[in-house]
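So the structure is just underneath, and the comments pick up after that.
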Amino acid sequence: MGSGRSKYTEEYKAAAVERLYEPRATLGKVAKELGLTPTQLKMWRLEIEAAGSVEAKRRQQADAAELTRLRKENKRLQEENEILQKASAFFASRVGKP
């Protein structure tokens, strides 16, 4: 005998939570229309919001790492440019001298 618990897909959960953002939608009303308990729908909403904030934090960390990498690369390129300018000036001053 089964446990009597229903399994819902992530897509179904996301669609159910999206209905909460419709005008005049309430947790109880949407839950009743879908045959769910308000607590169940609330938990789905919290899970989706938490996953979104985790993804946002992960993106923010990746952006920060990329910015750090780009700053280091920019500094290295500036130093290389300065060296090349000095070398260019040095060799330009030696042109025409025996």
Side-chain angles (χ1 to χ4, degrees):
M1 234 170 136
S3 65
R5 298 183 81 186
S6 299
K7 287 280 189 174
Y8 297 99
T9 65
E10 294 302 316
E11 292 81 17
Y12 181 83
K13 292 177 182 182
V17 170
E18 279 298 313
R19 293 197 47 199
L20 293 173
Y21 299 109
E22 293 175 358
R24 293 188 289 270
T26 64
L27 188 64
K29 185 177 173 182
V30 173
K32 186 176 181 180
E33 289 172 1
L34 297 175
L36 305 168
T37 65
T39 304
Q40 188 176 29
L41 188 55
K42 181 180 177 182
M43 292 302 295
W44 291 353
R45 186 188 72 210
L46 293 174
E47 287 172 4
I48 289 171
E49 288 173 355
S53 63
V54 166
E55 182 60 34
K57 187 171 184 173
R58 192 174 296 131
R59 247 182 285 121
Q60 185 180 27
Q61 289 172 339
D63 289 347
E66 176 75 359
L67 182 59
T68 300
R69 185 190 67 77
L70 289 172
R71 284 182 175 154
K72 285 180 182 178
E73 182 179 359
N74 189 27
K75 184 176 180 180
R76 180 185 57 82
L77 291 172
Q78 286 174 341
E79 290 171 353
E80 288 178 6
N81 192 30
E82 186 178 320
I83 291 168
L84 290 172
Q85 286 176 348
K86 288 179 181 178
S88 177
F90 173 77
F91 289 115
S93 69
R94 309 249 325 145
V95 173
K97 290 186 180 178

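Values below: all heavy atoms of this structure, side chains included; hydrogens, waters and symmetry mates excluded.
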To the nearest 0.5 Å, what is the distance between NZ on Lys13 and CE on Met43?
10.0 Å
Mind checking who shares a hydrophobic cluster with Phe91, ILVMFWY linked at side-chain heavy-atom distances under 4.5 Å?
Phe90
Quick one: list whatever passes side-chain contact (heavy atoms from CB on, under 4.5 Å) with Leu84, sequence neighbours left out.
none
Run through the side-chain heavy atoms of Ile, Leu, Val, Met, Phe, Trp and Tyr, join any pair under 4.5 Å, and report what else lands in Ile83's cluster.
none
Arg58 with Glu55: basic N within carboxylate O range, under 4.0 Å:
yes
Can Glu79 and Lys75 be said to form a side-chain contact (heavy atoms from CB on, under 4.5 Å), step by step?
CA-CA 6 Å; Glu79 290 171 353; Lys75 184 176 180 180; 3.5 Å; yes
Can you give me the closest heavy-atom contact between Lys29 and Arg24, atom names plus distance?
NZ-O, 3.8 Å
For Gly28 and Pro38, which heavy atoms make the closest approach, and how far apart are they?
CA-CG, 4.3 Å
Using the side-chain contact (heavy atoms from CB on, under 4.5 Å) criterion, which residues pair with Gln61? Sequence neighbours excluded.
Lys57
Taking atom CD of Gln60 as the centre, does the number of heavy atoms from other residues, nucleotides or ligands within less than 6.0 Å exceed 12?
no
Would you find more than 12 non-hydrogen atoms of other residues, nucleotides or ligands less than 6.0 Å from Arg69 atom CZ?
yes
Would you list the atom pairs, donor with acceptor, under 3.5 Å between side chains in residues 44-54 and any protein atom, with sequence neighbours excluded?
residue	atom	partner	partner atom	Å
Glu49	OE2	Tyr21	OH	3.2
Ser53	OG	Ala50	O	2.8

Here the gap from Lys42 atom NZ to Leu20 atom CG, rounded to the nearest 0.5 Å, amounts to 11.5 Å
CG/Leu27 to OG1/Thr37 distance, rounded to the nearest 0.5 angstrom?
8.5 Å
Is there a side-chain contact between Leu34 and Arg19, using heavy atoms and a 4.5 Å cut-off?
yes
Linked hydrophobic residues, Leu77 as query - side chain contacts closer than 4.5 Å:
none
